[in-house]
Every structure is written in C-alpha cells, then in structure tokens.
Amino acid sequence: MSTILNENLIYEILSVVEEIPPGNVATYGQIARLIGREKNARLVGSVLKRSEYYGSYPCHRVVNHEGRLAPSFPEQKELLLEEDVPFKSENQVDLKKAQWEI
DNA sequence: CCCTTGACACGGG
DNA sequence: ACCCGTGCCAAGG
C-alpha cells in the first residue's frame, strides 16, 4: 500500500525514458514534466541512478538542462557518440539539435 | 518524526 | 563559461 507511489513513479519515469528515440536526448526536468511532476526532476535522477536494477533502459539519453552528462556514468558519452548525438563541447550535448521533441 | 541527500532547475552576478 | 543561492520533494537514515 505505502510503496505504490514509489512503484508508480519508477514505472512512469522508465516508460518515458524508453520512448526517447536514438540520437535524441531528454532532460530530467522534461521527463518530470511529461509524467505530471514538474518539480520532481531530482527524483528522476535518483531513479535513473539505480535503473539497472529495474532492467535495460536507454538512460544514457537523459542529460541535465544544460546538456551536461551524468556524473558516475562514464560510458554515457560513448553511448551517445555511437548514436551520433551532436555535442557542443567536450562533455555537453547540443540540446538545440538533439533534444527530443514531443 | 526530524534531518540530510541528491544523475535537478533557474535566476543572478 | 563559472560559481552561488534558492526552491523543490521523495527517499533514506
């Protein structure tokens, strides 16, 4: 009963992440808005941090509102480059070109 | 129940 | 571009 919120959140967040097309990225805030929780961007991050526990999701396609990559996720850059995601600088995605448009 | 954490966001300087 | 303060809120201790 009391864990339903947690489970719903994880499900909603991961099902949005799953829909990000290859070659595009979404921001934490964008995902939060898409699930109707605009102010919960930090929560999106903490779910993705342990997303491996829930299965295989393209969590490398999620960056912050500046296009910066996630700390403690060294493989992220290579995974994005493999999909030809455009970078603006060494560790910053070009959001103008790469952000997922709904 | 209170306190701290945090893969965030946003506005200022 | 960088650093800082503030707001945010579920989760974990």
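Every chain is numbered from 1, with letters handed out A, B, ... down the list of sequences.
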So what does A/Leu48 touch, heavy atoms closer than 4.0 Å: a base, only the sugar-phosphate, or nothing? base
By nearest-heavy-atom nucleotide on DNA chain C, the more 5' of A/Ser89 and A/Arg50 is A/Ser89
Winner on side-chain proximity to A/Arg37, out of B/dA9, C/dC9, C/dA10, is C/dA10
Here the distance between atom C1' of C/dA10 and atom OH of A/Tyr11, to the nearest Å, is 21 Å
Between CD of A/Gln99 and P of B/dA9 the distance, given in whole Å, is 10 Å
Backbone N/O of A/His60 and side chain of A/Gln76: donor-acceptor pair under 3.5 Å: yes
Separation of B/dA9 atom P from A/Leu95 atom CG, nearest Å, is 10 Å
Is any side-chain heavy atom of A/Gln99 closer than 4.5 Å to one of A/Gln30? yes
Interatomic distance, SG@A/Cys59 vs CD1@A/Ile31, rounded to 0.5 Å, equals 10.0 Å
A/His65 atom NE2 is separated from C/dA1 atom C1', nearest whole Å, by 13 Å
A/Gln92 near the nucleic acid: base, sugar-phosphate alone, or nothing, with a heavy-atom cut-off under 4.0 Å? sugar-phosphate
Picking from C/dA1, B/dA9, C/dA10, the nucleotide nearest the side-chain atoms of A/Thr27 would be B/dA9
Give one of base, sugar-phosphate or nothing for A/Lys49, where a contact means two heavy atoms less than 4.0 Å apart.
base
Separation of B/dA9 atom P from A/Leu43 atom CG, nearest Å, is 13 Å
The nucleotide from C/dC9, C/dA1, B/dC8 with an atom nearest the side chain of A/Asn64 is B/dC8
When rounded to whole Å, the CG to P distance for the pair A/Leu80 and B/dA7 reads 18 Å
Among C/dC8, C/dA10, B/dA7, the one nearest any side-chain atom of A/Pro71 is B/dA7
*asked:* I'd like to know if the side chain of A/Glu66 and the backbone of A/Gln92 have a donor-acceptor N/O pair within less than 3.5 Å.
replied: no
Item checked: side-chain N/O A/Asn40 vs B/dC8 OP1/OP2, d < 4.0 Å -> no
Is any side-chain heavy atom of A/Val62 closer than 4.5 Å to a side-chain heavy atom of A/Tyr57? no
Fill in: Short side-chain N/O contact from A/Gln30 to OP1 or OP2 of B/dA9, under 4.0 Å
no
Side-chain contact check for A/Ala41: nearest option of B/dC8, C/dC8, C/dA11 is B/dC8
Rounded to whole Å, CD of A/Glu38 lies from P of B/dC8 at a distance of 17 Å
Look at the side-chain N and O atoms of A/Arg68 and state whether any lies under 4.0 Å from the OP1 or OP2 oxygen of C/dC2.
yes
Separation of C/dT6 atom C1' from A/Arg42 atom CZ, nearest Å, is 11 Å
- With heavy atoms under 4.0 Å as the rule, sort A/Ala70 into base, sugar-phosphate or nothing. base
5'-most contact on DNA chain B (nearest-nucleotide basis), A/Cys59 vs A/Arg33, goes to A/Cys59
Worksheet entry | Residue pair A/Val44 / A/Val16, side-chain heavy-atom distance below 4.5 Å | no
